[in-house]
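Since the model is a prediction, treat every value here as computed from it, not as a measurement.
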Amino acid sequence: GKIIFNPPNNMKVGVKERIEVRVTQDIEVELNKALRGRGIPQIEKIRVYEVMKLKLSGGDFNIVSLSEEEQIVSKKGKTEWVWDVKPEKKGKQVLQLIATLQIKIESSQNHISHPVFEREIIVEVNPIYSTKLFLVENWKWVVTALVLPTLLFFVHYF
């Protein structure tokens with residue numbers, strides 16, 4: 001089968017991005033039609049099974065899944081996973097997409113997880129967001145640093 005995903009080449013701290021992944025068993029299906037994220041779609045061949053689990057993770061991201069992690073991938077058509085992702089920390093961060101086959105063991109209700117795909121995405125610093133976050137978190141110190149010297153100036157010279 002094949003997988004298409006559209007992670008942005010870079011992200012900015014505090015800016016939410018839509019990331020979508022589509023998987024199909026049918027290599028003739030067009031996967032890139034109407035993707036909503038701003039990233040450039042990347043298509044790759046992967047092993048596909050009737051049940052797959054896709055997980056997007058990263059320690060310094062706020063990741064909101066808009067679909068179920070584990071889904072059925074039919075023989076025709078496509079299956080879609082969607083996340084809204086917002087980096088929360090500046091610097092080089094890693095966002096991982098892991099696709100896993102959920103192979104059912106015939107003698108039980110359990111599945112075997114077999115990873116078939118993993119990618120990393122780099123996050124850039126967003127100076128405006130970082131400054132805003134600093135001011136919100138440290139407003140008392142900023143006000144003290146600005147107001148106290150101003151008051152002392154006026155008391156001393158007036």
Side-chain angles (χ1 to χ4, degrees), residues 1-139 142:
K2 58 185 180 176
I3 186 171
I4 187 170
F5 65 112
N6 64 342
N9 289 332
N10 54 57
M11 297 174 76
K12 292 194 174 194
V13 175
V15 178
K16 181 174 69 172
E17 297 276 358
R18 173 71 48 98
I19 296 178
E20 297 171 287
V21 176
R22 294 177 182 164
V23 174
T24 184
Q25 292 189 46
D26 182 358
I27 60 171
E28 301 299 320
V29 169
E30 184 181 344
L31 291 177
N32 60 350
K33 193 173 191 178
L35 283 173
R36 293 180 299 264
R38 74 170 177 92
I40 298 170
Q42 302 172 34
I43 300 175
E44 295 190 30
K45 291 182 181 178
I46 64 166
R47 289 182 54 202
V48 177
Y49 191 67
E50 62 189 35
V51 179
M52 293 191 69
K53 181 177 181 180
L54 268 69
K55 183 172 177 130
L56 194 63
S57 64
D60 295 312
F61 294 88
N62 179 358
I63 301 172
V64 176
S65 179
L66 304 175
S67 54
E68 294 292 325
E69 268 188 17
E70 186 173 298
Q71 296 188 49
I72 295 172
V73 179
S74 64
K75 296 206 181 289
K76 296 286 181 190
K78 61 187 176 276
T79 304
E80 183 174 73
W81 287 261
V82 180
W83 299 270
D84 280 339
V85 180
K86 182 167 63 169
E88 296 183 329
K89 187 176 177 185
K90 64 182 178 179
K92 190 174 182 178
Q93 306 298 327
V94 176
L95 184 62
Q96 291 183 311
L97 171 64
I98 300 171
T100 306
L101 303 178
Q102 298 296 100
I103 303 168
K104 185 174 180 182
I105 301 171
E106 289 187 29
S107 60
S108 73
Q109 294 289 74
N110 296 324
H111 289 85
I112 297 173
S113 293
H114 178 70
V116 291
F117 186 81
E118 184 174 329
R119 288 295 179 271
E120 297 180 346
I121 301 163
I122 305 302
V123 178
E124 295 179 345
V125 175
N126 180 348
I128 294 171
Y129 179 80
S130 297
T131 303
K132 179 181 168 188
L133 187 61
F134 174 81
L135 291 173
V136 167
E137 291 177 354
N138 299 293
W139 69 270
V142 172

[X] side chain vs [Y] backbone, donor-acceptor pair below 3.5 Å:
| X | Y | answer |
| --- | --- | --- |
| Gln96 | Gly58 | no |
| Lys89 | Gly59 | no |
| Arg22 | Leu31 | yes |

Quick check: do [X] and [Y] have side-chain heavy atoms less than 4.5 Å from each other?
| X | Y | result |
| --- | --- | --- |
| Leu56 | Trp81 | no |
| Glu70 | Val51 | yes |
| Trp83 | Leu97 | yes |
| Arg47 | Leu101 | yes |
| Val82 | Arg18 | yes |
| Phe61 | Met11 | yes |
| Ile72 | Thr79 | no |
| Ile19 | Leu95 | yes |

Straight-line distance of [X] [atom1] to [Y] [atom2], nearest 0.5 Å:
| X | Y | atom1 | atom2 | answer |
| --- | --- | --- | --- | --- |
| Asn6 | Glu17 | CG | CD | 9.5 Å |
| Lys53 | Glu68 | NZ | CD | 11.0 Å |
| Glu69 | Ile98 | CD | CD1 | 10.0 Å |
| Gln71 | Glu80 | CD | CD | 8.5 Å |
| Lys45 | Ile27 | NZ | CD1 | 6.0 Å |
| Leu54 | Gln102 | CG | CD | 10.0 Å |

Exercise. Could you check Arg36 against Glu20 for salt bridge (Lys or Arg N to Asp or Glu O under 4.0 Å), going step by step and ending with a plain yes or no?
Key: CA-CA 8 Å; Arg36 293 180 299 264; Glu20 297 171 287; 3.3 Å; yes
Return the minimal non-hydrogen interatomic distance between [X] and [Y], and the atom names on each side.
| X | Y | result |
| --- | --- | --- |
| Asn62 | Glu88 | CB-OE2, 3.2 Å |
| Phe5 | Val21 | CB-CG2, 3.7 Å |
| Gly14 | Lys86 | O-CD, 3.3 Å |

Practice problem: Let me see the working for Lys16 and Val85 under side-chain contact (heavy atoms from CB on, under 4.5 Å), right down to the final yes or no. | Solution: CA-CA 5 Å; Lys16 181 174 69 172; Val85 180; over 6 Å; no
Quiz item: Any chance NZ of Lys55 has more than 12 other-residue heavy atoms, nucleotides or ligands included, within less than 6.0 Å?
Solution: no
Exercise. Return yes when atom CG of Leu66 has more than 12 non-hydrogen atoms of other residues, nucleotides or ligands closer than 6.0 Å, and no otherwise.
Key: yes
Exercise. Starting from the C-alpha separation in whole Å, work towards a yes-or-no answer on side-chain contact (heavy atoms from CB on, under 4.5 Å) for Thr24 and Val48.
Key: CA-CA 7 Å; Thr24 184; Val48 177; over 6 Å; no
